[in-house]
Amino acid sequence: MVRLARAGDRSIAVVAGPSGDHVLDLGPRPLPELFRDLDGIRSLVERTDAATLPPLDPSTLQAPVTPRSLLCLGYNYRGHVPDGVDPTADDPHSPDVFVKTANTLGGPNDPVVVPAVADDVDYEGEIAVVIGRRAHAVSEQEALSYVAGFTLLNDVSDRAWQRRQSQWALGKCFDGFAPLGPWLVTADEIDPQDLLVEVVRDGEVTVSQSTATTIFSVAFVVHHLSQVLTLEPGDVISTGTPQKLPAAQSAHRPLAPGDAVTVRATGIGELTTTFIAPPGEPE
């Protein structure tokens, strides 16, 4: 599922064809209605000849949902730990949860401004979970039935601002620091605990780790968060990033205007984000 510029509130399915991806207009249907009719949509897609549909113009892609809440996890992959913590230490007892605010949301074609006051902008490639129906106090066994699908998020962060205080909010919540996309892959197409997550910067793979190594599964995280707040359709839970590979860690370089980072995951696709200077400043 995608959202396209100039398509208003219409829902769009992507249909693969021999010549590339095409778009199937599903009408003005909100996410909860789509979620309830996934079998019907799948049947419609299977009956449709992609060659009869307009081609997908990737430049029109927007963030696949506009979440009311964007919740994120820290240190959810084994081996990814805070500075000074032994990576072989026991797993934490509960997820480390933080929030990114609404101003951070960006689409797959939106560049991210490197703020003039940010000294150490970094990337985090993550699998993002999209909620399909209202979830409150759900069991771990039923939690995945509340998931509409999955997409990708780059949890852009400024480490300098992040380290200035015990709460991470200011380092995580600069404008545009949450590119999301490129589309929503429905939950029936994905095993969230068997995905290879990779990040590519300057042509080099800097992150490569399976979601099989996460500490807290998607089912547990949805269950855990729903004990505290009611999750609504379209809400997003980003499941954390793996540790960078040793060579990338040792050669850490803050993101700068002109850089590009690609987050990719098995079965979901790729999200490429370019970084630019603030308006009025030279690139």
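These values consider heavy atoms only, across backbone and side chains, with no hydrogens, waters or symmetry-generated copies. Owing to the predicted nature of the structure, the values given are computational and were not obtained by experimental measurement.
- Geometric assessment of Arg133 against the ring of Phe35 yields a negative cation-pi assignment under the 6.0 Å and 45° thresholds.
- Cluster membership check: Val97 shares its hydrophobic cluster with Val221, using side-chain heavy-atom separations under 4.5 Å among Ile, Leu, Val, Met, Phe, Trp and Tyr.
- Between Glu126 and Thr239, the side chains place no donor N or O within less than 3.5 Å of an acceptor N or O (distance only, hydrogens not considered).
- To the nearest 0.5 Å, the span separating CG on Leu34 from OG1 on Thr186 amounts to 10.5 Å.
- Screening residues 39-61 for ring pair (Phe, Tyr, Trp, His ring centres under 6.0 Å) gives no qualifying pairs among residues at least two apart or on separate chains.
- Linking ILVMFWY residues whenever their side-chain heavy atoms come closer than 4.5 Å, directly or via other members, leaves Leu180 and Leu225 in distinct clusters.
- Partners of Arg42 according to the side-chain hydrogen bond (donor to acceptor under 3.5 Å, both in side chains) rule, which considers only residues two or more places apart in sequence or in another chain, are Asp39, Asp188.
- Asp158 and Lys172 are not joined by a salt bridge, as no carboxylate oxygen comes within less than 4.0 angstrom of a charged side-chain nitrogen.
- Cluster partners of Val200 are Val205, Leu245, counting Ile, Leu, Val, Met, Phe, Trp and Tyr whose side-chain heavy atoms approach within less than 4.5 Å, directly or via other members.
- Applying the ring pair (Phe, Tyr, Trp, His ring centres under 6.0 Å) rule to pairs touching residues 114-136 yields nothing, sequence neighbours excluded.
- Residue pairs meeting the salt bridge (Lys or Arg N to Asp or Glu O under 4.0 Å) criterion with at least one partner in residues 14-26, sequence neighbours excluded, are Arg10-Asp25.
- Of the residues Thr262, Asp259, Thr206, the one that meets the side-chain hydrogen bond (donor to acceptor under 3.5 Å, both in side chains) test with Arg201 is Asp259.
- Both Leu195 and Val129 sit in one connected hydrophobic cluster of ILVMFWY residues. Membership requires side-chain heavy atoms under 4.5 Å apart, directly or through other members.
- Side-chain contact between Val199 and Val261 is present, with heavy atoms from C-beta onward closer than 4.5 Å.
- Between the OG atom in Ser157 and the NZ atom in Lys100 there is a gap of 5.0 Å [rounded to 0.5 Å].
- Within a 6.0 Å radius of CZ in Arg134, no more than 12 heavy atoms belonging to other residues, nucleotides or ligands are found.
- Pairs engaging residues 217-254 under the ring pair (Phe, Tyr, Trp, His ring centres under 6.0 Å) rule: Phe216-Phe220, Phe220-His223, Phe220-His224 [sequence neighbours left out].
- Clustering ILVMFWY residues whenever any of their side-chain heavy atoms sit less than 4.5 angstrom apart, transitively, puts Val147 in a cluster other than the one holding Leu70.
- The structure places CG of Leu152 at 5.0 Å from CD1 of Ile268, a figure rounded to the nearest 0.5 Å.
- Under the 6.0 Å cut-off for aromatic ring centres, Tyr75 and Trp168 qualify, their centroids lying closer than that.
- The NZ atom of Lys244 sits 11.5 Å away from the OG atom of Ser250 when rounded to the nearest 0.5 Å.
- The 12-atom threshold is exceeded at CD of Gln193, counting heavy atoms of other residues, nucleotides or ligands nearer than 6.0 Å.
- Note that CD of Glu124 is 4.5 Å distant from CG of Asp155, once rounded to the nearest 0.5 Å.
- Using a cut-off of 4.0 Å between Lys/Arg side-chain N and Asp/Glu carboxylate O, Asp119 and Arg159 are scored as not salt-bridged.
- Interatomic distance, CG of Asp96 versus OG of Ser94, reported as 8.0 Å (0.5 Å rounding).
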